[in-house]
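Each remark here refers to the structure printed beneath this line.
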Amino acid sequence: AQRVTQPEKLLSVFKGAPVELKCNYSYSGSPELFWYVQYSRQRLQLLLRHISRESIKGFTADLNKGETSFHLKKPFAQEEDSAMYYCALRGAGNTPLVFGKGTRLSVIA
Amino acid sequence: DGGITQSPKYLFRKEGQNVTLSCEQNLNHDAMYWYRQDPGQGLRLIYYSQIVNDFQKGDIAEGYSVSREKKESFPLTVTSAQKNPTAFYLCASSIDKGGWQFFGPGTRLTVL
């Protein structure tokens with residue numbers, strides 16, 4: 001079965017501090033992993049995907065197959081990063097995305 | 001915001017009534033999806049369609065129905081059989097079944 005676990009419902013950090021949003025997955029094959037973000041009063045939008053290996057808004061995420069993790073990181077948090085973050089997985093056969101329950105990031109000034 | 005639209009933004013219905021949520025996209029995407037978003041539950045898949053005139057049940061399809069008569073449209077009907085219909089409903093589309101998903105703005109349904 002495909003499963004995504006985001007262990008933290010809420011993460012509060014101070015502005016300028018490093019951020020790490022945890023995501024672990026359960027899947028026997030080679031997954032495709034994504035991070036989506038939902039800012040207040042905005043629609044859910046793609047932040048980054050592991051196959052792109054890019055940095056978006058200062059965020060990066062590395063797929064660690066050994067630890068089955070895809071943690072989202074940013075070295076210096078900004079107030080505008082406050083939002084709901086969802087990790088998502090797609091398995092073989094191009095099945096629909098499976099989402100974690102989300103982590104609300106609050107950046108305190 | 002264009003691309004994928006949902007209407008209405010807020011919807012109120014009495015218990016026992018069926019209600020249909022609209023989802024339209026002008027991105028020429030083949031695949032469309034319906035998710036339900038509840039606090040602390042994340043997004044849960046209701047139904048999805050990878051091509052016109054075909055759709056599959058997701059994880060929580062009971063009490064819901066869909067149709068896909070046109071490529072641009074994927075309406076969701078919340079029936080009276082759905083035990084807890086009050087929620088935020090999100091529609092999404094992707095260029096094909098392997099593409100990443102674009103999301104609509106959502107419809108908040110409240111059943112009184």
Side-chain angles (χ1 to χ4, degrees), chain A residues 1-11 21-26 29-54 56 61 63 70 83-105, chain B residues 1-7 9-10 23-25 27 29-51 54-61 66 68 74 76 87-108:
Chain A
Q2 300 172 19
R3 187 180 300 127
V4 176
T5 302
Q6 293 180 252
E8 303 136 329
K9 285 186 178 179
L10 174 65
L11 182 65
L21 297 163
K22 290 185 167 54
C23 173
N24 289 91
Y25 65 89
S26 174
S30 292
E32 191 173 358
L33 275 296
F34 303 80
W35 276 99
Y36 277 80
V37 60
Q38 191 172 31
Y39 300 103
S40 179
R41 297 195 180 93
Q42 294 187 27
R43 66 179 69 192
L44 195 65
Q45 58 187 281
L46 178 70
L47 181 61
L48 52 81
R49 54 196 303 197
H50 89 271
I51 63 172
S52 300
R53 301 185 65 82
E54 56 191 343
I56 303 293
L63 178 61
F70 189 57
M84 195 75 182
Y85 290 80
Y86 292 96
C87 183
L89 173 151
R90 180 164 59 219
N94 292 320
T95 51
L97 295 179
V98 174
F99 285 83
K101 293 187 177 182
T103 297
R104 181 168 297 283
L105 174 64
Chain B
D1 282 330
I4 180 165
T5 59
Q6 293 183 241
S7 61
K9 189 173 182 180
Y10 299 97
C23 177
E24 304 278 332
Q25 54 96 3
L27 300 167
H29 285 175
D30 283 326
M32 298 186 74
Y33 314 81
W34 274 106
Y35 290 89
R36 172 178 171 143
Q37 187 179 29
D38 295 284
Q41 294 292 321
L43 278 72
R44 292 180 290 170
L45 183 66
I46 305 173
Y47 268 98
Y48 65 102
S49 168
Q50 295 177 335
I51 197 168
D54 187 45
F55 48 83
Q56 288 80 40
K57 292 183 179 180
D59 300 319
I60 55 166
V66 293
R68 187 82 187 281
F74 190 41
L76 173 74
F88 190 58
Y89 290 89
L90 286 171
C91 180
S93 69
S94 62
I95 191 163
D96 55 31
K97 58 185 180 180
W100 53 276
Q101 294 170 192
F102 288 84
F103 280 83
T107 292
R108 186 166 297 281

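So that the names make sense, note that chain A is the first sequence line, chain B the second, and so on, each numbered from 1.
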Query - Atom pair OH (B:Y35) and OH (A:Y86), whose distance is rounded to the nearest 0.5 Å - result: 12.5 Å

Query raised in the report: Given a strict heavy-atom distance threshold of 4.5 Å, which part of B:Q56 is in contact with chain A: side chain, backbone, both, or neither?
Result: neither

Requested in this report: Could you pull out all residues at least two apart from A:Y25 that satisfy ring-ring contact (aromatic ring centres under 6.0 Å, His included)?
Outcome: none

Query raised in the report: Who pairs with B:Y48 by ring-ring contact (aromatic ring centres under 6.0 Å, His included), at least two apart in sequence or on another chain?
Result: none

Query raised in the report: What residue in B:A92, B:P39, B:G58, B:G40 has the most heavy-atom pairs under 4.5 Å with chain A?
Result: B:G40

Requested in this report: Report yes if the side chains of B:Q101 and A:Y36 come closer than 4.5 Å at any heavy-atom pair, otherwise no.
Outcome: yes

Query raised in the report: Is the shortest heavy-atom distance from the side chain of A:L44 to the side chain of B:L43 under 4.5 Å?
Result: yes

Query raised in the report: What are the two closest heavy atoms between A:R49 and B:W100, and how far apart are they?
Result: NH1-CD1, 2.8 Å

Query - Contact class of A:Q38 relative to chain B, heavy atoms under 4.5 angstrom - result: side chain

